[in-house]
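Ligands are counted one by one from 1 in listed order, and the atoms in each one are counted from 1 as well. Bear in mind the structure is a predicted one, so any value in this text is a computation, not a measurement.
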Amino acid sequence: MNISTVSAPGKLMLLGEHAVVYGRPCIVTAIDQRIHVEIERTENTTLVIEAPDVDIAGYEKSIETLGSGNIPKGAMFVEYAVQKFYAKYPCVGGVRVSVSSAFSSQIGFGSSSASTVCVIRALAEIYGKKLLAKQIFAIAHQAVLEIQGSGSGFDVAAALYGGTLYFVAGGKTVEPLKVSNIPLVVGYTGVKADTSGLLGEVAKKMKEQPEKVTRIYDAIAKLVNDAKTKMIEGDWERVGKLMDFNQDYLRDLGVSSQKLESLIVAAKQAGAWGAKLSGAGGGDCMIALAADDKRKAIESAIESAGGQVIHISSSSQGVRVDA
Ligand code: PMV
């Protein structure tokens, strides 16, 4: 096969961010906004990337030098994914990779991890390698870790497996949860989260106040486990309450922001069962859980507070070969 087109979903962290980096569980859902990657085999021994959404046009590099030198930000994840794949499964020839996204790379839906997963899945397809999901996870997570320095891999898992997952860092546990139609409302702050910066700040806090931070993480782990049960039961009101508790802990950890807080307060005043930030914090999106009859009022409240409502549905299909 010479060409393969693959897509993978973006994600939203539902509960357990930050604590998951320190061995606790989290719950993540794959959303119906996808990254699309087309890979074509070429005779040259180069990687060519076209990714107009992140300002990459005609970027070309020899396969041997992948991962070294100056790499533009928009090409980073694709380049590392290709490099890791070729290192593990030596292949002849080069590839042309085209990436397009249904969502902006600015909003925190995990476009980098989703494109990394797509690239590895598509390479496996064109080179006829039958890889297990676990093998794809290992290569993709390694690529992401090399670029970011740290990270639990929850976003890689969401892109790969899809659905709603109970996840422990590094893929130690990846448990699909039988839930559908999570009644989510999503509000974008308009601010890009600095995930690496926040991870650094939290790591510093862990060094300075290990007891306090450990207490917070243990409490988050407990509420994530409670939420898992309540989600399966469909008790969204209770899950909303647990989101509120999670947000209290994240605020204590210092990763919330004024903008996030104002969207969260607006959603709750308009009748949400609960609301919290989603992801590293500092910006990106907040999420709320709400009954159908409250949704409209909550969406207007988020907009009045300066947020942008994004319509998504949860538990979407993981990476798939589209053509
Ligand atoms: O900022 P995001 O959406 O990539 O989420 C980061 C979530 C963390 O738990 C803080 C980090 C991680 O890799 O789990």
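By the 4.0 Å N-to-carboxylate-O rule, Glu208 lies too far from Lys205 to be salt-bridged with it.
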*Under the salt bridge (Lys or Arg N to Asp or Glu O under 4.0 Å) rule, what do Lys212 and Asp252 come out as? Steps first, then yes or no, please.*
CA-CA 10 Å; Lys212 179 184 169 182; Asp252 261 15; 5.2 Å; no

_Glu299 and Arg295: CA distance, side-chain angles, deciding distance, salt bridge (Lys or Arg N to Asp or Glu O under 4.0 Å) verdict_ = CA-CA 6 Å; Glu299 289 181 354; Arg295 175 173 290 272; 3.8 Å; yes

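Residue-level proximity to ligand 1 for Ala193 is absent, since no heavy atom of it falls below 4.0 angstrom. Under 4.0 angstrom from ligand 1, the non-hydrogen atoms of Val21 all belong to its side chain.
The atoms of ligand 1 that sit less than 4.0 Å from any heavy atom of Val20 are 9 (O), 14 (O). Atoms of ligand 1 found under 4.0 Å from any heavy atom of Glu17, numbered from 1 in the order shown, are 9 (O). In summary, the atoms of ligand 1 found under 4.0 Å from a heavy atom of Phe154, numbered by their order in the structure, are 5 (O), 6 (C), 7 (C), 12 (C), 13 (O), 14 (O). Close contacts between ligand 1 and Gly151 involve ligand atoms 13 (O) [criterion: under 4.0 Å to a heavy atom].
Among protein heavy atoms, atom 3 (O) of ligand 1 sits closest to Lys11 NZ, 2.5 Å. Summary of contacts: the protein heavy atom closest to atom 6 (C) of ligand 1 is Ala280 N, 3.5 Å. When hydrogens are left out, the protein atom nearest atom 14 (O) of ligand 1 is Ser152 OG, 2.6 Å; that is the closest non-hydrogen contact. Ranking the protein heavy atoms by distance from atom 8 (C) of ligand 1 puts His18 N, 3.9 Å first.
Each of Lys61, Lys73, Lys84 was checked for a salt bridge (charged side-chain N to carboxylate O under 4.0 Å, His left out) with Glu79, and the lone residue meeting it is Lys61.
No side-chain donor-acceptor contact under 3.5 Å links Asp155 to the backbone of Ala114. For Gln83 (side chain) and Gly67 (main-chain N/O), no donor-acceptor pair under 3.5 Å exists by modelled atom type.
In this structure, Gln148 does not count as a contact residue of ligand 1, since none of its heavy atoms falls inside 4.0 Å of the ligand.
Across Val28, Val255, Thr195, Val144, heavy-atom proximity to atom 4 (O) of ligand 1 is greatest for Thr195.
Phe77 has its side chain out of reach of Ile71: every pair of non-hydrogen atoms, C-beta onward, lies at least 4.5 Å apart.
The aromatic rings of Tyr161 and Phe137 sit tilted, their planes meeting at an angle between 30° and 60°.
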